[in-house]
Amino acid sequence: MSPRTRRGASPKFVIERDEDSEESSSDEDEENGVGDCEDDEVEEEEEIEETKRREKKPITISLKKVCKVCKKTGHQAGFQGATYIDCPMKPCFLCKLPGHTTMNCPHRVATEHGVIPAPRKSTRHSVDYIFERQLRPHVPAIKPGFLIPDEVTRAVIRYHSRRVTCLEFHPTNNNILLSGDKKGQLGVWDYDKVYEKRVYTNIHSCLLNTMRFNSVNDGTIYGASSDGTISCTDLETGISESMMNLNPNGWSSPKSWRMLYGLDINSEKGLVLVADNFGYLYMLDTRTKAKVREGVLIHKKGSKVVGLQCNPVQPDLLLSCGNDHFARLWDLRRLEAGSSLGNLAHRRVVNSAYFSPHTGSKILTTAQDNRIRVWDSIYVNMESPSREIVHSHDFNRHLTPFRAEWDPKDSSESLVVIGRYISENYNGVALHPIDFIDVTTGQLVAEVIDPNITTISPVNKLHPRDDVLATGSSRSLFIWRPKDKSEDVQQKEEKKTIIYYGKADSKQKKKLGDESDESDDESFKSKGKKSQTKSSAIKKVKR
DNA sequence: ATTGTATGCGACC
DNA sequence: TGGTCGCCCTACAA
């Protein structure tokens with residue numbers, strides 16, 4: 001049963017009105033519910049209803065089944081079973097070009113998942129090669145096979161009270177995952193000891209947008225929030241100190257309320273760098289906790305700066321991105337408004353921009369035009385990206401923005417992970433996969449799904465050392481590892497732990513077997529949490 | 001017209 | 001019924 005289909009108590013039919021009412025669907029509907037299978041009886045009732053309405057209201061709005069997107073007749077947008085049918089009047093939801101729908105978009109059908117080769121690819125400058133030889137001497141000639149964490153082994157369902165906004169692995173303690181949410185709460189979870197987890201609720205009052213570990217004391221973490229403050233939190237005690245507050249006088253109007261998004265640490269200089277929603281960058285000294293200087297305008301005035309990162313090789317090189325459609329490069333040593341070293345143009349808002357993790361010579365960006373872009377050698381050419389990869393990661397006001405992230409373990413700097421917005425029909429279930437893309441070719445290396453993850457997964461983070469993927473999907477967290485084919489199913493079952501908070505809906509409980517495990521540790525129970533449930537074996541189903 | 005921004009609300013248990 | 005859930009929304013302003 002598709003998680004996206006909504007079942008009324010027993011409605012035989014629904015007349016689409018101008019609001020967002022979706023067609024009723026029963027199991028039968030789903031099995032043969034494609035195309036023209038309108039039930040005759042339903043048709044009749046509908047007409048009666050229609051005439052009734054007409055009698056009451058002489059000025060008639062057509063009550064014929066109408067597309068909920070364009071309000072025209074003759075087609076219906078929306079889910080048919082687990083497959084979403086696009087409105088043909090709209091540009092393709094995937095590549096944004098008109099003339100076709102997602103279903104037959106060339107970028108969906110293509111094995112290379114929509115790579116647009118950059119025009120400059122064939123005209124590489126010789127300096128480019130020299131640069132690569134000098135700065136990237138250790139890149140293996142043959143890429144090692146990618147090890148994809150494709151199986152969920154740990155999960156906390158409904159862990160946060162609101163959607164997850166960011167994730168961070170502990171830099172030295174291997175099994176600690178930090179998570180931030182829309183309410184500003186901070187989760188600390190030991191996914192090895194599964195039940196060791198807590199949520200600190202008093203740090204921020206809204207959206208915790210970015211977290212970065214303190215480079216000199218990894219027991220504390222910095223956070224940037226839409227409440228306009230930077231926090232520095234002790235992970236053991238949860239005691240938090242506010243390092244900066246951009247709204248010291250509280251709320252007066254939305255025009256003056258300042259929010260913090262991008263954050264990074266420059267450990268060489270002992271600086272915390274943050275940026276706000278008006279285009280300004282701030283620098284703080286990590287020891288004195290004081291502002292090093294006044295805010296500097298680094299993006300279009302009044303525009304949100306959502307990402308900041310110091311180059312891993314040259315920490316003075318700063319990368320920023322935001323919704324003025326640019327990712328920009330800066331030299332921290334002489335940073336002032338308008339002094340950017342380079343400006344990477346995009347067609348829409350840029351959700352994220354990251355240097356490649358080892359050489360720092362590539363840049364990966366995610367933009368709201370449904371394209372992932374890669375600049376292969378930023379020191380040589382910043383004019384245009386080396387590749388644009390069409391990928392579904394639209395903006396939605398209810399979702400944390402999608403961000404393509406490097407695999408920090410991949411020495412060839414080519415593997416990237418990103419959640420997919422559009423769902424696929426996996427044997428009748430609509431699931432939103434998480435994609436692994438080789439950005440040197442644009443090839444979709446893997447799409448991973450789990451029947452427990454029925455929601456969109458915009459937040460994904462690969463572990464810096466282990467073959468582990470962490471996913472934040474709605475309010476839940478998931479830990480993925482590569483499927484161990486050598487072990488028998490029984491053992492794998494033992495390894496797998498799923499914890500429920502809140503209410504698991506009955507469908508999900510049923511699917512998972514809902515066997516309460518009595519061997520729970522006491523502290524967990526005494527906290528009054530719900531039952532622990534072991535999942536059934538994960539069935540990976542292919543389209 | 002386009003594009004960015006906001007945090008609601010219908011359907012379900 | 002009231003609380004919970006999750007988003008191929010959608011109204012509005014610049």
Side-chain angles (χ1 to χ4, degrees), chain A residues 1-11 14 16-25 67-71 76-80 82-96 101-103 105 108 157-165 181-183 206-207 226 254-255 257 259 261 277-279 299-304 306 322-325 346-351 367-370 392-402 419-425 430-432 453-458 472-476 500-510 530:
Chain A
M1 163 59 64
S2 157
R4 309 190 118 276
T5 39
R6 277 145 211 192
R7 279 194 281 190
S10 61
V14 173
E16 294 280 345
R17 287 189 274 148
D18 57 348
E19 64 225 61
D20 181 37
S21 56
E22 296 192 31
E23 66 275 279
S24 72
S25 62
C67 170
K68 67 175 181 183
V69 176
C70 71
K71 314 289 184 241
Q76 287 273 310
F79 276 97
Q80 281 184 5
T83 307
Y84 192 93
I85 310 297
D86 271 354
C87 170
M89 300 298 163
K90 285 277 188 174
C92 172
F93 192 73
L94 174 55
C95 74
K96 305 301 175 194
T101 61
T102 310
M103 202 69 91
C105 175
R108 162 178 277 214
I157 310 285
R158 295 174 200 84
Y159 176 38
H160 282 271
S161 58
R162 278 311 199 175
R163 60 161 218 251
V164 172
T165 52
D181 74 20
K182 192 188 151 185
K183 281 262 183 289
C206 60
L207 290 136
S226 291
K255 286 202 155 198
W257 185 261
M259 306 187 251
Y261 286 86
N277 58 332
F278 290 111
H299 279 261
K300 188 180 165 191
K301 195 163 189 170
S303 76
K304 201 192 284 181
V306 290
N323 47 11
D324 63 351
H325 298 192
H346 294 70
R347 285 185 39 235
R348 283 290 190 281
V349 168
V350 189
N351 286 348
Q368 286 180 14
D369 61 353
N370 264 0
S392 171
H393 50 253
D394 285 63
F395 172 79
N396 181 300
R397 84 178 206 223
H398 302 294
L399 299 174
T400 303
F402 289 84
R420 198 190 303 178
Y421 194 139
I422 50 175
S423 58
E424 304 292 346
N425 184 344
L431 299 173
H432 305 269
I453 311 177
T454 56
T455 49
I456 298 169
S457 306
S473 190
S474 188
R475 299 162 52 192
S476 308
Y500 283 99
Y501 281 144
K503 287 176 193 163
D505 71 76
S506 59
K507 259 187 268 174
Q508 197 154 35
K509 269 187 183 163
K510 202 172 181 183
K530 303 288 186 264

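These values consider heavy atoms only, across backbone and side chains, with no hydrogens, waters or symmetry-generated copies. Labels below follow one simple rule: chain letters A, B, ... track the order of the sequence lines, proteins then strands, and each chain is numbered from 1.
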Does any N or O in the side chain of [X] come within less than 3.5 Å of the main-chain N or O of [Y], such that one atom is a donor and the other an acceptor?
X        : Y        : result
A:Ser392 : A:Ile422 : yes
A:Ser476 : A:Arg158 : yes
A:Ser473 : A:Ile456 : yes
A:Arg475 : A:His160 : yes
A:Asn351 : A:Ala367 : no

Aromatic ring pairing A:Tyr421/A:Phe93, orientation class (parallel under 30°, perpendicular over 60°, tilted between) | perpendicular
DNA chain C nearest-nucleotide lookup for A:Val69 and A:Ser476: closer to the 5′ end is A:Ser476
Expected rows: protein N/O vs nucleotides 12-14 of chain C N/O, under 3.5 Å:
none

Set of ring pair (Phe, Tyr, Trp, His ring centres under 6.0 Å) partners for A:Phe395, sequence neighbours left out | none
Rounded to whole angstroms, how far apart are [atom1] on [X] and [atom2] on [N]?
X        : N      : atom1 : atom2 : value
A:Lys68  : C:dT10 : NZ    : C1'   : 12 Å
A:Arg163 : C:dC5  : CZ    : C1'   : 14 Å
A:Lys182 : C:dG6  : NZ    : C1'   : 10 Å
A:Lys90  : C:dC8  : NZ    : C1'   : 11 Å
A:Lys183 : C:dT4  : NZ    : P     : 12 Å
A:Arg162 : B:dG8  : CZ    : P     : 9 Å
A:Ile422 : C:dC7  : CD1   : P     : 14 Å
A:Tyr421 : C:dC7  : OH    : C1'   : 6 Å

side-chain hydrogen bond (donor to acceptor under 3.5 Å, both in side chains) filter on A:Lys96, not counting sequence neighbours, yields A:Asp394
Who are the side-chain hydrogen bond (donor to acceptor under 3.5 Å, both in side chains) partners of A:Asn323, not counting sequence neighbours?
-> none
Within less than 4.0 Å of OP1 or OP2 of C:dG6, is there a side-chain N or O belonging to A:Thr455?
-> no
Within the pair A:Arg158 and C:dT4, is there a side-chain N or O less than 4.0 Å away from OP1 or OP2?
-> no
Pick the [atom1] atom in [N] and in [M], then give their distance to the nearest Å.
N     : M      : atom1 : value
B:dT7 : C:dA14 : P     : 15 Å
B:dA6 : C:dG6  : P     : 23 Å
C:dC9 : C:dC5  : C1'   : 16 Å

Those residues that, when tested against A:Asp369, pass salt bridge (Lys or Arg N to Asp or Glu O under 4.0 Å) (two or more places apart) = A:Arg347, A:Arg373
Might you list the N or O atoms of the protein lying below 3.5 Å from N or O atoms in nucleotides 2-6 of chain B, with each pair's distance?
| residue | atom | partner | partner atom | Å |
| --- | --- | --- | --- | --- |
| B:dT3 | OP2 | A:Arg348 | NH2 | 3.1 |
| B:dG4 | OP1 | A:His325 | NE2 | 2.1 |
| B:dT5 | OP1 | A:Asn323 | ND2 | 2.4 |
| B:dT5 | OP2 | A:Asn323 | ND2 | 2.8 |

Answer with base, sugar-phosphate or nothing: what part of the nucleic acid does A:Asp86 contact at a heavy-atom distance below 4.0 Å?
-> base
